[in-house]
Number of protein chains: 2
Amino acid sequence: MEAKVYTEIRALFTEYLTEKKLRKTEERYAIFKEICAFPGHFDVCMLSDRLEQDNFHVSKATLYNTLDVLVDAGLVVRHQITVQPVQYELRIYADTHLHLVCTRCGGIRELRNSALKADMRNLKVSRFTPEYYCLYVYGLCSKCKFKLQRSGK
Amino acid sequence: MEAKVYTEIRALFTEYLTEKKLRKTEERYAIFKEICAFPGHFDVCMLSDRLEQDNFHVSKATLYNTLDVLVDAGLVVRHQITVQPVQYELRIYADTHLHLVCTRCGGIRELRNSALKADMRNLKVSRFTPEYYCLYVYGLCSKCKFKLQRSGK
DNA sequence: TTTACTGCAAATATTTTGCAATATC
DNA sequence: GATATTGCAAAATATTTGCAGTAAA
């Protein structure tokens, strides 16, 4: 991620914490920084591993707490694509692509589609204030389709 | 659900079981029938409760197994909107609406949008065979927006 | 007759919670 | 100094698995 973008969204995080009178702890910023280092999806386990690698230990309780705060702040998106674990992604990434989910192997491919994004922006709904969108397209990836054809099922 | 529609999708289920050489058990059809009685989303617990009410006991293992079969058959859609439990819905319903998910209270409202459906039908993706899609619009429902405004947060 | 399917119970995995200690404001 | 936040461990919850018995093909 560009340093400029990182600085911008970090400022949004600080702004949110101030506004909600939440504390600016070292743990929260360390977790936030690590999240920004992921190029795409991640789960709690991956996040925890990365933090341990950097010798910054945080408890599971704090991880979940911080993720809740970031989701509430609108900076991180929660994806429940596979049953478990829940996957997360930076909102600035999620907004620009849709997700192709293979119903056979569970693999997820991201697809940029700015036209669709524009369509979504124009969506008007009564008694509801849209914040962001997630479009999941379920189907067969090419590998699984090939396997199914070969097995004749 | 209309009797005609029920008969049609039940036939599709039978066709799928035959094609995959899976067995046509009483449990599978009882579960399928109960699913068709739900007007919208349901989870494993709700499904189990309804079956018990009708004095048809099935084990959790069978419930999960049958749901997997129905999802594989493309007759039921799996929604992972809340962390747990996983929610399901008949595919014929899911295709015709998008989901408005409140980020505050978790409430889900369904919105019919046939224009969007047409857009999705036209979606072409390389090395991927789309089967169905789910569009989740996250945001604030009117109740939560009102509460937030009153609390001044 | 073969073996896929079922029920039950135990195992697994993730997320949540309670509480004492700590650090932010 | 008040209290939000943290870490740890235990609890809660959903889903999966192993295995013996049952029933569909």
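Chain letters run A, B, ... following the sequence lines, proteins first and then strands; every chain starts at 1.
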Answer with yes or no whether the side chains of A:H99 and A:E110 bring together a donor and an acceptor at under 3.5 Å. no

Atom CD of B:E52 and atom P of C:dG7: how far apart are they, to the nearest Å? 10 Å

Atom pairs, protein N/O to nucleotides 17-19 of chain D N/O, distance under 3.5 Å:
none

Would the distance check show the side chain of A:D54 and the main-chain N or O of A:F56 forming a donor-acceptor pair, the cut-off being under 3.5 Å? no

List the residues meeting salt bridge (charged side-chain N to carboxylate O under 4.0 Å, His left out) with B:D72, not counting sequence neighbours, and say none if there are none. none

Measure from CZ on B:R28 to C1' on C:dG7 and round the result to the nearest Å. 14 Å

To the nearest 10 degrees, the angle between the two end axes of the helix from C:dT1-D:dA25 to C:dC25-D:dG1 (five pairs per end) comes to 50°

Between atom CG in B:L51 and atom P in C:dG7, what is the gap in whole Å? 10 Å

Which residues share a side chain to side chain contact (heavy atoms under 4.5 Å, CB included) with B:M1, sequence neighbours left out: B:V5, B:Y6, B:I9, B:C36, B:L90, B:I92, B:Y93

What are the atom names and distances for every N/O pair under 3.5 Å that joins the protein to nucleotides 22-25 of chain D?
| residue | atom | partner | partner atom | Å |
| --- | --- | --- | --- | --- |
| D:dA25 | OP1 | B:K24 | N | 3.1 |

With a 4.0 Å limit, can you tell me whether A:T62 has a side-chain N or O closer than that to the phosphate oxygens OP1/OP2 of D:dT5? no

B:K21 atom NZ is separated from C:dC5 atom C1', nearest whole Å, by 17 Å

For B:Y64, all residues meeting side chain to side chain contact (heavy atoms under 4.5 Å, CB included), sequence neighbours excluded: B:V44, B:K60

Using the test side chain to side chain contact (heavy atoms under 4.5 Å, CB included), find all partners of A:T25 that sit at least two apart in sequence or belong to another chain. A:R23, A:E27, A:R28

Closest non-hydrogen atom pair between B:R109 and A:F128, with its separation: NH1-CB, 4.1 Å

Which residues satisfy the side chain to side chain contact (heavy atoms under 4.5 Å, CB included) test with A:E15, sequence neighbours excluded? A:L12

Can you confirm whether B:K33 is buried at NZ, in the sense that more than 12 heavy atoms of other residues, nucleotides or ligands lie under 6.0 Å from that atom? no

Contacts of B:S142 meeting side chain to side chain donor-acceptor pair (under 3.5 Å) (sequence neighbours excluded), chain-then-number -> none

With sequence neighbours left out, what residues match A:Y29 under ring-ring contact (aromatic ring centres under 6.0 Å, His included)? A:F13

Just jot down the ring-ring contact (aromatic ring centres under 6.0 Å, His included) partners of B:Y16, sequence neighbours excluded, or say none. none

Can you sort out which residues in residues 63-72 of chain A have a heavy atom within less than 4.0 Å of DNA chain C? Ascending by number, please. A:Y64

Looking at B:H57, does any N or O in its side chain come under 4.0 Å of the phosphate oxygens OP1/OP2 on C:dC8? yes

Nearest whole Å is fine: how far is D:dA14 P from B:R78 CZ? 16 Å

For B:Y138 and B:Y136, take the angle between the two ring planes, folded into 0 to 90°, and tell me which bin it lands in: parallel under 30, tilted 30 to 60, perpendicular over 60. tilted

